[in-house]
Amino acid sequence: MARILITSALPYINGVKHLGNLAGSMLPADVYARAMRLLGHEVLYICATDEHGTPAELAAQEAGLEVAEYCEKMHAAQKQAGADFKMSYDYFGRSSAPSNHKLTQHFARVLEDNDLIEERVSQQVYSNADGRFLPDRYVEGTCPNCAFEKARGDQCDNCGKLLDPIDLINPYSAVSGSHDVEVRDTNHLYLKQSEMSEKLRAWVDKAEGWPHLATSIAYKWLDEGLRDRAITRDLKWGIPVTDKEGNRRDGFEDKVFYVWFDAPIEYIAATQDWAADTGEDWESWWRTDKGADDVQYVQFMGKDNVAFHTLSFPTTLLGSGEPWKLVDQLKAFNWVTWYGGKFSTSQKRGVFMDQALAIAPSDYWRWHLMANAPESDDAAFTWEEFQAGINSDLANVLGNFVNRITKYTASKFDGKIPDGGETGEAESWIVKELQTRIPVLIDLYERREFRKAMAETRAIWAAGNEYLTQAAPWSHYKMDVDQAAVGVRTGLNLAVLFGIIAQPIIPDAAAKILDALNIPEKNRSWGFGDFAGIPDLIDAVPRGMEIAAPDVLFAKIEDDDVAGWTEKFGGKSE
RNA sequence: GGUGGGAUAGCUCAGCUGGUUAGAGCGCAGCACUCAUAAUGCUGAGGUCGGUGGUUCAAGUCCACCUCUCACUACCA
């Protein structure tokens, strides 16, 4: 049994996340964590809110709250949203936690000891009206290239040219609109990534099990040549920059670490907090000198995060010279798109986690987002596909299977798993199906091929329906009750199996199925071993045991629902 | 502009190192069944694999160029 450490990219604090964020990091990580636990592995799944940076300060300002208060509130909201979506985090931390302050400052210190950090002066736009330095993106003005009047400081939305905010004509603050802006010198700490490129490349060369998307992004940056990166910012909210004695570093009294420096460190700090909570040992997960050597570390993230996880964070860890655990497998996702565009928090395009649950149960979303996971390319979300997929896969194929077999048992066999009869051709057929499909399913989970794992799961459910057609207990019942009993018994055992394999994806419905069929908790794991026991699965549940027919598992999505949602959320083909 | 994806049945997508008549699900059309949420099963129709050239005995799969589309491009995260 392996020890598997799982992290999903930290959701940013400035609002409840939309379905694209969910589908690209938290959800697949959760499905993977659940599957690996069922296979008997020791799993630690860590996530947290990412709370620092300019957008957090601005969002707090807009909400009329102190930043700390705002983050507290939004952390609670995101934690709740995660719980509502059945995220099985072992710990959901906060990048603003004291543990992360301490650890981030520690990393900065050892990196500086290793001569990988140096102080440099750069020019940055300062807004007098806002009383703050502005990130490039928050400075707007006239594009020097095309004269577009609302060009952002980093790139012109009109002509697409990359810009330097200093080049903007008539610049103003995007925050307040004030033209009272000026360029000021500011000193910052730079992480000398350039000196690490050889080591990083060697490390990426050895990477196995990364999607093409991830390696190609990493190599692209390495090929272009890594630039040194400022790891501090002129902000109040964040992790203070300290000196060797732990006091505020001279000249950095109004500066904090850059959010992208401290955010991945929070993976470790959150593990420390988990350990403090549970009395467990965090070092055996993160320190290769303390037992983390045999840990398999898997990260989940959207493609925008790849560079930070393949280059910046490894620079921090490798550069420390300390024996930290680096990521083994990295699963990167594309985007879920919304009627031709991206989901957007700022433009309120798409569906957000809290709204989604007012529309449909979490199982529906979990299934749909995983069955259509944006693994090879951006994946389009449409209400019509959502409806068709849920109704077909969940309601018709799985839900109706469980319903038909349990109802029939209740009406003809007194609600008990029937005894009697001999297995025949139909049973041989379904056993053969399971013998080929279950190993494939497990393999797909282990390789984190989610779309295909969902398709295989569905295929197994569908095989159950085909089995019932072949066995046709309702036909035999008239002439030979024992013959019918075989079909019903096998069908019920299949329903159990279907619930068991559904657990990582649709935990609520799976629990309903397994509860109704009286399956004790300890018999719900994936103890398939070498798969030799598969033939026994069709007669595993004790004969004579009483079972219940669960209520309708999946209500169908009606055309009216789709029409209403389209109206409300503006999802419409253009 | 640079870089990296993607372009395959009406729709959403599989097709590893090139090799029999190009696959799945949905949708659609027939047929079967009647235990079930009018559910399920079977069968079938539907594709010059974005375009043009090339390499090869053989290309959806390799090469070149082109078109469309998406993303990334380091101070948003």
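So you know, we letter chains A, B, ... as the sequences are listed, proteins then strands, and number each from 1.
- Distance check on atom C1': C33(B) versus A39(B) gives 12 Å, rounded to whole Å.
- Nucleotides U12(B) and A45(B) are separated by 23 Å at their P atoms, to the nearest Å.
- Applying the side-chain contact (heavy atoms from CB on, under 4.5 Å) criterion to Asp234(A), with sequence neighbours excluded, gives Phe133(A), Thr186(A), His188(A), Lys255(A).
- A gap of 16 Å separates the P atoms of C11(B) and C49(B), to the nearest Å.
- Taking atom P in both G18(B) and C63(B), the straight-line distance is 11 Å, to the nearest Å.
- One interatomic measurement links the two molecules: CG of Leu226(A) to P of C72(B), which rounds to 19 Å at whole-angstrom precision.
- C26(B) is paired with G10(B) under the criterion used here, namely a Watson-Crick or G-U wobble arrangement in which both key atom distances are under 3.5 Å.
- Between C75(B) and Arg229(A), a contact under 4.0 Å exists linking OP1 or OP2 to a side-chain N or O.
- In this structure G46(B) sits in the syn conformation; its chi angle is within 90° of 0.
- U56(B) makes up no base pair with any nucleotide shown, lacking Watson-Crick or G-U wobble contacts both under 3.5 Å.
- Atom C1' of U20(B) sits at a distance of 16 Å from the matching atom of G60(B), rounded to the whole Å.
- Of the listed nucleotides (C13(B), C75(B), A77(B)), A77(B) has the atom at the smallest distance from the side chain of Val259(A).
- Distances from the side chain of Arg458(A) to the nucleotides A77(B), C75(B), G25(B) place G25(B) closest.
- One P atom belongs to A74(B), the other to G53(B), and the distance between them is 40 Å to the nearest Å.
- When each of Ser411(A) and Lys452(A) is assigned the nucleotide of RNA chain B with its nearest heavy atom, Lys452(A) is the one assigned upstream, toward the 5' end.
- Residues passing the salt bridge (Lys or Arg N to Asp or Glu O under 4.0 Å) test with Arg132(A), sequence neighbours excluded: Glu57(A).
- Here, C35(B) and G41(B) have their C1' atoms 13 Å apart, quoted to the whole Å.
- Residue Ala555(A) is classed as having no contact, given no heavy-atom separation below 4.0 Å to the nucleic acid.
- The pairing partner recorded for U40(B) is A32(B), the criterion being a Watson-Crick or G-U wobble arrangement whose two distances lie under 3.5 angstrom.
- Rounded to whole angstrom, the span from the CG atom of Asp304(A) across to the C1' atom of A71(B) amounts to 10 Å.
- Side chain Asn403(A) to base A36(B): no donor-acceptor pair is found below 3.5 Å.
- One interatomic measurement links the two molecules: CD1 of Ile405(A) to P of U40(B), which rounds to 16 Å at whole-angstrom precision.
- Under the Watson-Crick or G-U wobble criterion, with both distances below 3.5 Å, C72(B) is paired with G2(B).
- At the phosphate of C76(B), neither OP1 nor OP2 sits under 4.0 Å from any side-chain N or O atom of Thr54(A).
- Residue Ala380(A) is in sugar-phosphate contact alone, with no base atom involved, counting any heavy-atom pair closer than 4.0 Å across all strands shown.
- One can place NZ of Lys407(A) at 19 Å from P of U34(B), the figure rounded to the nearest angstrom.
- Across the C1' atoms, G6(B) and G51(B) are found 16 Å apart, a figure rounded to whole Å.
- For the pair Arg404(A) and C35(B), the criterion of a side-chain N or O lying under 4.0 Å from OP1 or OP2 is not met.
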Listing time: all N or O pairs from protein to nucleotides 5-9 of chain B that are below 3.5 Å?
from	atom 1	to	atom 2	distance (Å)
G6(B)	O2'	Asp377(A)	OD2	2.7

